[in-house]
Novice: 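The structure that follows is given in the form of structure tokens.
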Amino acid sequence: MTTSLFVGNIAYGAMEKEIRDLFAQHGTVQNVRFIMDLRKGRFKGYGFVTMPNQDAVVAVRELDGTEFQGRTLKVKEARASVDADRRSA
DNA sequence: GTTGAGCGTT
């Protein structure tokens, strides 16, 4: 039972570890995926965090709109979710 | 050598 969260407006200098640690403060982080530009290999500035459904809801509520490394984070349930685990959130 | 709304690499 996990939910994929879309995380946007991440600072270009941020690291997956920092996002994972940030989300871990509000729940159990199952996985963190930073989206890189496959052509240039640069960070696109957004990523996805997978958490248990209940923790994901809390994380969105607690982290969406908050500041992270000078940028206002955008946290929301992912749309193009490869995982169909948004059933019991 | 850059940038700033969005929905992803196995």
Side-chain angles (χ1 to χ4, degrees):
Chain A
M1 311 301 186
T2 59
T3 298
S4 296
L5 299 178
F6 171 81
V7 185
N9 204 40
I10 304 174
Y12 291 121
M15 296 175 290
E16 295 183 10
K17 174 183 176 300
E18 297 172 317
I19 291 294
R20 181 181 177 109
D21 189 71
L22 182 69
F23 279 75
Q25 296 176 25
H26 300 282
T28 301
V29 178
Q30 300 290 10
N31 190 277
V32 178
R33 229 169 21 192
F34 267 32
I35 306 309
M36 310 296 271
D37 190 325
L38 297 181
R39 301 165 301 186
K40 306 170 187 173
R42 271 194 326 186
F43 178 43
K44 280 191 176 180
Y46 72 94
F48 292 88
V49 176
T50 303
M51 303 179 75
N53 293 348
Q54 52 184 334
D55 292 346
V57 176
V58 176
V60 172
R61 183 180 303 154
E62 298 298 321
L63 297 176
D64 183 37
T66 62
E67 184 180 290
F68 177 71
Q69 296 191 351
R71 312 293 166 175
T72 302
L73 280 185
K74 296 179 182 177
V75 184
K76 193 178 183 182
E77 181 180 351
R79 290 179 176 170
S81 58
V82 184
D83 307 306
D85 39 28
R86 59 175 66 187
R87 59 194 67 168
S88 57

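Chain letters run A, B, ... following the sequence lines, proteins first, then strands; residues in each count from 1.
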Novice: Roughly, in whole Å, what's the span from CG in A:D37 to P in B:dG1?
Specialist: 13 Å
Novice: Assess the side chains of A:Q69 and A:E18: does a donor N or O sit below 3.5 Å from an acceptor N or O?
Specialist: yes
Novice: Are B:dT3 and A:Y12 stacked, with the base six-membered ring and the side-chain ring centres under 5.5 Å apart and planes under 30°?
Specialist: yes
Novice: Using atom CD1 of A:I10 as one end and atom P of B:dG8 as the other, report the distance to the nearest whole Å.
Specialist: 14 Å
Novice: Stacking between B:dG8 and A:Y46, yes or no? Criterion: centroid separation under 5.5 angstrom, plane angle under 30 degrees.
Specialist: no
Novice: Starting at CG of A:L73 and ending at C1' of B:dG4, how long is that distance when rounded to a whole Å?
Specialist: 13 Å
Novice: Do A:N9 and A:T72 meet the criterion of a side-chain donor-acceptor pair at a distance under 3.5 Å?
Specialist: no
Novice: Near DNA chain B, under 4.0 Å by heavy atom, which residues of residues 13-29 of chain A?
Specialist: none
Novice: Would you kindly compare A:F6 and A:R71 by the position of their nearest DNA chain B nucleotide and give the one closer to the 5′ end?
Specialist: A:R71
Novice: Rounded to the nearest angstrom, tell me the gap between atom CZ in A:R33 and atom P in B:dT10.
Specialist: 8 Å
Novice: Is there any ring-ring contact (aromatic ring centres under 6.0 Å, His included) pair reaching into residues 23-45 of chain A, and which pairs are they, with sequence neighbours excluded?
Specialist: A:F34-A:F43
Novice: Rounding to a whole Å, what distance do you find between A:E67:CD and B:dG4:P?
Specialist: 19 Å
Novice: Let me know the distance between NZ of A:K44 and C1' of B:dG8, rounded to the nearest Å.
Specialist: 8 Å
Novice: Rounded to whole Å, please give me the gap between CZ in A:R39 and P in B:dG8.
Specialist: 13 Å
Novice: For B:dG6 and A:R79 - does any side-chain N or O of the residue sit under 4.0 Å from the phosphate oxygens OP1/OP2?
Specialist: no
Novice: By nearest heavy atom, map A:K76 and A:G45 onto DNA chain B; which one lands nearer the 5' end?
Specialist: A:G45
Novice: Check ring-ring contact (aromatic ring centres under 6.0 Å, His included) between A:F68 and all other residues, then give those that pass, not counting sequence neighbours.
Specialist: none
Novice: What closest approach, in Å, do A:E16 and A:V32 show between heavy atoms, and which atom pair accounts for it?
Specialist: OE1-O, 3.6 Å
Novice: Write down the distance between CG (A:N9) and P (B:dG4), rounded to a whole number of angstrom.
Specialist: 11 Å
Novice: Without swapping roles, check the side chain of A:N31 against the backbone of A:T50 for a donor-acceptor pair under 3.5 Å.
Specialist: no
Novice: Pair A:I35, A:F48 - check side chain to side chain contact (heavy atoms under 4.5 Å, CB included), show working.
Specialist: CA-CA 8 Å; A:I35 306 309; A:F48 292 88; 3.9 Å; yes
